[in-house]
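Each residue takes its place number in the sequence, starting with 1. In each ligand, atom 1 is the first atom listed, and ligand 1 is the first ligand listed.
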Amino acid sequence: MTIFTTMVTNKLNASALAVAVVVAAIAAASPDVVCAFRLSPSYSSSQRVLLPPSSPASTVGDVIRSAARDKQMRWPHGPLFSSVPERSSSSSSTVNSSPPPPPLSTLVNRVAVAGATGRTGRYVVEELLRRNVRVLAMVRDVDKANDVLDPTNEYLTIRRTDLGDRDDVISALNDDDGCDAAIWCATGFSDSPDQSWLARLTALFGFATNSKASIDAVGLPALGEGLAKRGVGGSGYGDGGGGGGGGGNASLPRVVMLSSAGVTRPDWSDEKKKALEGSAAIPIVRLNPFGILGLKKESEERLRTCGVDYCIFRPCGLNDNWSPNQRPIFSQGDVAVGRINRMDVARILVDILSTPEATGKTFEAFSIANSEGYYPPAPSLGPALARLVPDDHNAGRGLSEESVRVTYALMQQLLPGEKQDPARLAMGQTYEQLDRDERGRLGERGTEVAPIRTT
Ligand SMILES: NC(=O)c1ccc[n+]([C@@H]2O[C@H](COP(=O)([O-])OP(=O)(O)OC[C@H]3O[C@@H](n4cnc5c(N)ncnc54)[C@H](OP(=O)(O)O)[C@@H]3O)[C@@H](O)[C@H]2O)c1
């Protein structure tokens, strides 16, 4: 088995070379292991070195020895490591060279945005308008929409819509010449126009105890139902029938759901929670206020089964202090932990509409801040999403548990901060505060009071 490790060095300095020597010595002790180093003069020696996903290990040696033992480890579509760096393997070179999709305005006539006045929703509307796409903003508060959106834009229609009423949602989709795609950015987590704490708490209890009445459970499948009956406009790019494909023959997604990383974690077995503690013990999963994650998971399932071509996008923590315009790291298995700026989330949600490789898939994402120098966002999501599996993969079970485990091992190395131990975070505490041993805004881990709104 060969392990490819990109060593980061600056002028081949002594510390980097010392690490290289240690790793090479470990490799020499294991005849099956070959290490390939790319020595780059432009990299800094203090950068994090990513090691191949393997069984949980605490040292470089553990990882390498364990990877050597695990010779059969395979990524969903092929070997995880090969004897040379995989930059030009046939499958990835094919997808990497795929042309960018046509402009979205040639693919759709009008896009409905549910939750258009939200902190993510307004960026989604802006992004669509910036691409000359007509937008139907479905809102509950028209005055707020007039404030936070640009009502003078001739491509924008603002419509008061009751997202908890199936018929109203379907009727909105058919207004004028209708919509042919939709992005769901609304949440039932703040389910009342009255934003007092008491009103929110009351609404949330209603939401949590009667999920059939929540906007996610009613409005989201209604979007799917309404759009499943309509044809896609524009050039028909990506049309080929049958959603859920992994490549260019799939249809385009008609409904894109902004969901959340972590929705499956409360339901993991105790054994899995222990093995993947860095994903299972983060504050939102540990506290899961009012069962919000289960409700989102249930809404996801309603979308999957309502007959429309869909995509479910689950970002990690939304954080507007995290730099925008970063490269997103996509993964599956619901093990990702990290942060992403809402503007990047909005761009991805809009990009998905012109990405057939997204259809029928569910995936998570965070971004690596300060990556703008050499890791800009890719011009197209297609190559990255083509590598992900559709929801009907593995008889509907998604990734195998082994693939989830190796994904976890890699994702945990991409955590923000220095301590990189999200299981120690308190709700409301940042990675930076954890690094400095400072309390978060809601107090110590284990005694914090979960807020009604976690965003
Ligand atoms: N915070 C995180 O770290 C995180 C991580 C991953 C995923 N997410 C998810 O990302 C999504 C968007 O987050 P965000 O921060 O953009 O949310 P947000 O700012 O709270 O926006 C929510 C939107 O939903 C609308 N809404 C709520 N209840 C409604 C109702 N009954 N009828 C109509 N509209 C309703 C709100 O309308 P008003 O403008 O009128 O209030 C608002 O436009 C949420 O589903 C959230 O769970 C969050």
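One option in Asp165, Thr187, Leu295 has a heavy atom closer to atom 24 (O) of ligand 1 than any other, and that option is Thr187. For the residues Leu163, Asp320, Val345, Leu258, the heavy atom positioned nearest atom 11 (C) of ligand 1 is part of Leu258. Of the listed residues (Ala186, Ala261, Ala114, Gly121), the one carrying the non-hydrogen atom nearest atom 23 (C) of ligand 1 is Ala186. Nearest to atom 32 (N) of ligand 1 by heavy atom, out of Met138, Arg140, Arg119, is Arg140.
Atom NZ of Lys274 has 12 or fewer neighbouring heavy atoms from other residues, nucleotides or ligands inside a 6.0 Å radius. Counting heavy atoms of neighbouring residues, nucleotides and ligands inside a 6.0 Å radius, atom CD of Glu277 does not exceed 12 of them.
At least one heavy atom of Cys316 sits closer than 4.0 Å to an atom of ligand 1. Look at Arg314 and you'll find every heavy atom at least 4.0 Å from all atoms of ligand 1.
Considering CZ of Arg339 and OG1 of Thr430, their distance stands at 6.0 Å, rounded to 0.5 Å.
Asp344 places none of its side-chain heavy atoms less than 4.5 Å from the side chain of Pro328.
When heavy-atom distances to ligand 1 are checked against a 4.0 Å cut-off, Lys296 comes that close only through its side chain, counted from C-beta outward.
Below 4.0 Å from some heavy atom of Gly317 lie the following atoms of ligand 1, by number and element: 3 (O). Contact atoms of ligand 1 toward Gly115: 43 (O) (distance under 4.0 Å to a heavy atom of the residue).
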(message) One pair to check against side chain to side chain contact (heavy atoms under 4.5 Å, CB included): Ser279 and Gln412. What are the steps and the verdict?
(response) CA-CA 8 Å; Ser279 301; Gln412 289 285 297; 3.9 Å; yes
